[in-house]
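Computed from a predicted structure; not experimentally measured.
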Amino acid sequence: MNYVLDRIYADVESLAATEFGQPNPEVRRPPKESEAIYAVPCFQYAKEKNTNPIKLADGLSAKWNQGLQAGSLIERFEPARGYVNVFVKKKTLLARILKNLRDFGEDYGNYPEINKTIVVDYCSPNIAKPLSVGHLRSTIIGQALINILRARGYRVVGINFLGDWGTQFGKLLYAFEQWGNEKKLAEEPIQHLLELYVRFHKKAKINPALEDDARAAFKRLQQGGEKERALWQRFRGSSLEAFEKTVARLGVKFDHNWFESEFEERARELVDELLAKGIAEESEGAIIIRFKPLWPAESPEPPPAQPPLVIRKSDGTTLYPTRDLASALERIERFQPVHRLLYAVASEQTLYFSQLWNALEEMRKRGFFKHAKINQPGILKYIPFGMVSLPTGKISTREGRIVYLDELLDEAERRAQEIIKEKNPDMPKDARAQVARKVGIGAVIYADLSQDRIKDIVFDWSKMLAFEGNSAPYLQYAAVRCARILAKASPEDRKRLEEPKDADIPRMVAEIEEPESIELLMHLGRFPQAIAEAAERYAPHALASYLYDLAAALSRFYTEVPVLKAQTDAARLARLTLVEATGRVLRRGLALLGIETPEEM
RNA sequence: GCGCCUGUAGCUCAGACGGACAGAGCAUCGGAUUUCUAAUCCGACGGUCGUGGGUUCGAGUCCCUCCAGGCGCGCCA
């Protein structure tokens with residue numbers, strides 16, 4: 001069982017592939033105005049053959065038309081300005097889409113399982129600091145990618161790699177020794193740690209020697225100093241607790257919480273192994289990995305050599321990259337067969353991830369991975385995203401230039417409450433709070449996922465909390481309209497909807513006549529492709545954009561086509577079916593983005 | 001200094017892999033509701049796709065120059 005548009009696409013592609021003698025010929029969607037479903041451009045092949053593309057398209061159309069089987073969904077091929085346009089039997093196609101929608105049910109859009117595991121690193125905050133709006137992107141982009149890749153059929157493991165180690169904890173240890181307050185740490189741990197963190201940096205600016213004190217404190221922690229260990233446990237525990245509370249508001253659940261500190265030992269061993277294999281070397285007292293110029297692998301020109309990566313400081317301690325590398329190794333060993341290691345991390349780390357990529361490549365070549373299946377280059381896939389800054393400048397915890405994530409989510413819910421009060425004054429208070437949560441947080445998530453992840457974002461309240469136009473509430477509203485119509489349908493109609501028969505399908509198709517209805521159903525048919533595209537490009541915004549178009553199609557349909565008051569039984573059933581399917585796809589699509597849909601709003 | 005990213009309508013953004021006349025949202029103006037929730041719909045206005053070259057039958061998309069903004073560049077994470 002598969003999706004009808006995927007099939008047509010594959011058929012057209014294979015025709016063109018045979019004709020042009022290339023494995024992946026271009027098959028595209030024609031401009032909106034065209035009634036054609038797909039189009040094959042002939043320009044390139046015409047050039048190879050030294051012929052005119054218009055003539056070629058003419059010839060190909062005639063040839064392919066002759067070869068058409070009676071049972072084919074394709075109705076005809078038609079040349080147009082150097083393209084071969086593909087026309088399908090519209091009614092049959094609509095019937096097949098309806099059948100797909102019925103047969104797949106709640107699974108509509110999903111693809112069969114692929115025996116490949118993708119490990120996604122996302123969120124991964126430093127837990128010594130409160131979450132800011134800066135942490136939002138990794139978390140929601142990562143979660144959306146996980147959902148989308150799962151729908152696409154991959155086995156996906158999500159890992160939150162918590163930064164609970166490193167010199168920053170040395171800073172906190174030192175600061176607590178100097179200015180700490182036991183009572184405050186017990187009562188308001190996050191607040192207190194933040195104060196200490198800020199205070200440390202203020203003092204260190206005047207007296208840089210404090211940085212050495214911090215490094216020394218971290219070294220004592222690393223060597224198992226009892227006092228440091230106990231304090232660190234407390235910092236870590238209370239931070240984690242606060243952190244989990246905030247993330248839960250976004251509806252994010254991690255498959256695994258991995259702690260950086262747990263990789264300390266493995267990281268130390270790794271340095272020795274890398275030295276033994278000649279991958280790492282000593283330099284100025286530190287251990288580094290030098291890179292030959294080989295990134296990016298796809299580049300035809302050799303890029304300049306990269307700066308080396310320090311994996312052991314001259315004081316003998318490891319660094320974040322060392323522990324990250326150790327963790328990557330563990331991921332590969334534990335979740336094999338690993339197809340990809342994804343890292344949803346801000347774009348400022350581009351250089352670092354290219355170094356990590358190269359380091360893993362070098363390790364792969366020297367047999368570091370026990371499982372022989374890891375023989376393809378490029379297992380690491382970096383998913384960069386643009387920075388979030390404030391109108392006043394770069395986010396800085398140290399300098400108090402920060403919008404806390406909780407603060408943003410509170411404001412989102414508050415504004416949503418206000419709007420509900422205005423638009424739907426009859427809604428009871430407790431229902432309102434629930435709906436406001438879904439709408440407000442949804443708006444925040446959608447504001448981010450609806451644009452290309454690589455773009456920088458200047459934080460703006462009104463943009464993050466848009467409730468009209470291309471926004472989560474617009475999509476949710478469309479889904480709510482569907483739900484409300486269904487709720488008002490008669491019990492008999494609902495029963496027929498729940499138990500659709502094969503014989504109903506042709507009867508329904510006959511009733512789907514208005515351009516708004518046809519457009520809506522056609523768009524529903526493209527949902528699987530939208531998921532596939534978003535997965536292939538690691539681009540949640542491709543799915544967001546599809547869903548926006550679907551909601552717009554529903555709104556137009558809603559305005560023009562009466563459902564419950566349709567003239568005939570058959571028409572009512574057909575339209576109810578469209579409404580049910582649209583609601584289902586919107587809900588499902590939003591869920592893939594990590595956004596909940598309320599029943600009313 | 002070197003490297004990477006971004007630059008499309010007044011504002012915020014789609015236009016991946018070069019392809020049929022550059023599309024949305026917001027804002028502005030005008031219209032639509034005795035009818036399934038108007039957080040909606042329809043229409044108007046609005047763009048020499050940062051600049052200048054080049055490649056190509058064809059460039060917003062690829063290459064080079066320059067301009068503007070952002071980010072990064074051995075012992076932070």
List the protein contact pattern of nucleotides 69-74 of chain B with one symbol per nucleotide (5' to 3'): B for base contact, S for sugar-phosphate-only contact, - for none; contact means a heavy-atom distance under 4.0 Å. -SSSSB
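Nucleic acid contact class of Arg537(A) (heavy atoms, under 4.0 Å, all strands): base. Using a 4.0 Å heavy-atom distance criterion, Arg484(A) is classed as a base contact. Residue contacts shown for Val561(A) include a base, since a base heavy atom lies under 4.0 Å away. Residue Gly163(A) is out of contact with every strand shown, counting any heavy-atom pair closer than 4.0 Å. Glu560(A) comes within 4.0 angstrom of no nucleic acid atom, judged by non-hydrogen atoms across all strands. Looking at heavy-atom distances under 4.0 Å, Phe43(A) makes contact with a base. Nucleic acid contact class of Glu211(A) (heavy atoms, under 4.0 Å, all strands): none. Ala489(A) comes within 4.0 angstrom of nothing in the nucleic acid, heavy atoms only. Nucleic acid contact class of Ile287(A) (heavy atoms, under 4.0 Å, all strands): none. Here Glu260(A) lies in heavy-atom contact (under 4.0 Å) with sugar-phosphate atoms only. Within 4.0 Å (heavy atoms only), Ala346(A) reaches no atom of the nucleic acid at all. Contacts of Asn85(A) with the nucleic acid, taken as non-hydrogen atoms under 4.0 Å apart, include base atoms.
Comparing the P positions of G70(B) and C62(B) gives a spacing of 23 Å, expressed to the nearest Å.
A search for side-chain contact (heavy atoms from CB on, under 4.5 Å) contacts involving Ala553(A) returns Glu519(A), Leu520(A), Arg556(A), not counting sequence neighbours. In terms of the ring pair (Phe, Tyr, Trp, His ring centres under 6.0 Å) criterion, residue partners of Phe263(A) (sequence neighbours excluded) are, by chain and number, Phe161(A), Trp258(A). Among residues two or more places apart in sequence or in another chain, the side-chain hydrogen bond (donor to acceptor under 3.5 Å, both in side chains) test is passed with Ser347(A) by none. By the side-chain hydrogen bond (donor to acceptor under 3.5 Å, both in side chains) test, Ser471(A) pairs with no residue at all, sequence neighbours left out. Checked against ring pair (Phe, Tyr, Trp, His ring centres under 6.0 Å), Phe20(A) has the following partners two or more places apart in sequence or in another chain: Tyr45(A). For the ring pair (Phe, Tyr, Trp, His ring centres under 6.0 Å) test, no residue two or more places apart in sequence or in another chain qualifies with Phe385(A). Taking Tyr352(A) as the reference, nothing meets the ring pair (Phe, Tyr, Trp, His ring centres under 6.0 Å) condition, with sequence neighbours excluded.
Asp315(A) places its CG atom 13 Å from the C1' atom of C76(B), with the value rounded to the nearest Å.
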Treat a base pair as Watson-Crick or G-U wobble with both distances under 3.5 Å, then lay out RNA chain B in dot-bracket form, 5' to 3', with | for cross-strand pairs. (((((((..((((.....[...)))).(((((.......))))).....(.(((..]....))).))))))))....
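At a cut-off of 3.5 angstrom, counting only N and O atoms as typed in the model, there is no donor on one side facing an acceptor on the other between the side-chain of Asp164(A) and the base of A77(B).
Against RNA chain B, the stretch residues 444-455 of chain A makes heavy-atom approaches under 4.0 Å through Gln451(A), Asp452(A), Ile454(A), Lys455(A).
An OP1 or OP2 oxygen of U35(B) is reached within less than 4.0 angstrom by no side-chain nitrogen or oxygen of Lys565(A).
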Show the distances under 3.5 angstrom between N or O atoms of the protein and N or O atoms of nucleotides 21-24 of chain B.
| residue | atom | partner | partner atom | Å |
| --- | --- | --- | --- | --- |
| C21(B) | OP1 | Arg81(A) | NH1 | 3.3 |
| C21(B) | OP1 | Arg81(A) | NH2 | 3.0 |
| C21(B) | OP2 | Arg81(A) | NH2 | 3.2 |
| C21(B) | N4 | Glu33(A) | OE1 | 2.1 |
| C21(B) | N4 | Glu33(A) | OE2 | 3.0 |

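Checked by atom type, the side-chain pair Glu264(A)/Trp165(A) shows a donor-acceptor distance below 3.5 Å.
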Give every donor-acceptor pair under 3.5 Å between a side-chain atom in residues 25-32 of chain A and any protein atom, sequence neighbours left out.
| residue | atom | partner | partner atom | Å |
| --- | --- | --- | --- | --- |
| Glu26(A) | OE2 | Arg28(A) | NH1 | 2.8 |

